[in-house]
Amino acid sequence: GAVVSQHPSWVICKSGTSVKIECRSLDFQATTMFWYRQFPKQSLMLMATSNEGSKATYEQGVEKDKFLINHASLTLSTLTVTSAHPEDSSFYICSARAGDREETQYFGPGTRLLVL
Amino acid sequence: AQSVTQPDIHITVSEGASLELRCNYSYGATPYLFWYVQSPGQGLQLLLKYFSGDTLVQGIKGFEAEFKRSQSSFNLRKPSVHWSDAAEYFCAVIGSTLGRLYFGRGTQLTVWP
């Protein structure tokens, strides 16, 4: 149980285009999902927290107009990197939490983004 | 503020040897503590967690961790390491805001055959 998927697993795009990454909880309903960014050989950096049906809460320094997050259902959250640039290249990982009383986060397999 | 310290960036052990990965946390209340493992290019897999109760918790893949409040520690152990255990290990603590996880910087484990 508690499986989280991400799609795509990797993507290459041209500078200036937008890329959408999907995060799905497959066998549970996720009231809260989190989006992280991870640089090589570093820990995870929280970008934003999204609750189903409400606006995402972004961490300080994360551009909300650059990284659009939508959590339209209890099993799906999307991260859209708008007008991507090479510095946006990174490993993006989502996680999901089953409920307000459930503290454990289950992570997706990650999405590798390369912007040329 | 919450924080997690993993003092060892890289640890190398021989296959079959015992392992202990250190983790210290800073949090004012009773912490929720986690250990995750990450293989290259993969997401994070939950190894074990501590919320309350018995301070020695058992996890998957033969791992265990002990919560020591007096030392603010939550060290991960395994009595006999396998080559497949080579990976990055992250200790994390739940903060008080929206269930946010605070991660340590990670410990890279290399296993010699």
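Since the structure is predicted, the reported quantities are computational estimates derived from the model, not experimental observations. Labels below follow one simple rule: chain letters A, B, ... track the order of the sequence lines, proteins then strands, and each chain is numbered from 1.
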Check: B:Asp8 side chain, B:Thr107 main-chain N or O, donor-acceptor pair, under 3.5 Å: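 No, because the side chain of B:Asp8 does not come within donor-acceptor range (under 3.5 Å) of the backbone of B:Thr107.
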
Strictly distance-based, threshold 3.5 Å: is any side-chain N or O of B:His82 a donor or acceptor partner for the main-chain N or O of B:Ser80? no

Looking at A:Gly108, A:Ser9, A:Pro109, A:Ser95, which one has more heavy-atom pairs under 4.5 Å with chain B than the rest?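 Option with the greatest count: A:Pro109.
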
Look at the rings of A:Phe107 and B:Phe103 and say which category their plane angle falls in: under 30° parallel, 30 to 60° tilted, over 60° perpendicular.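 Ring orientation, 0 to 90° scale: perpendicular.
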
Can a donor-acceptor pair be found between the side chains of A:Thr111 and A:Gln6 at a distance below 3.5 Å?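 A donor-acceptor contact under 3.5 Å links the two side chains.
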
Cut-off 3.5 Å, side chains only: do B:Thr110 and B:His10 have a donor facing an acceptor? yes

Chain A contact via B:Leu101 - side chain, backbone, both or neither, heavy atoms under 4.5 Å: both

Tell me which pairs pass side chain to side chain donor-acceptor pair (under 3.5 Å) where either residue lies in residues 33-47 of chain A, with sequence neighbours left out.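 Found A:Trp35-A:Ser77, A:Tyr36-A:Gln105, A:Arg37-A:Ser90, A:Gln38-B:Gln38.
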
Under 4.5 Å, heavy atom to heavy atom: which of residues 63-75 of chain B reach chain A? Give them by number, or say none.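 Listed by number, there are no contacting residues, so the answer is none.
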
Which atom of A:Phe91 lies closest to which atom of B:Gln42, heavy atoms considered: CE2-O, 3.5 Å

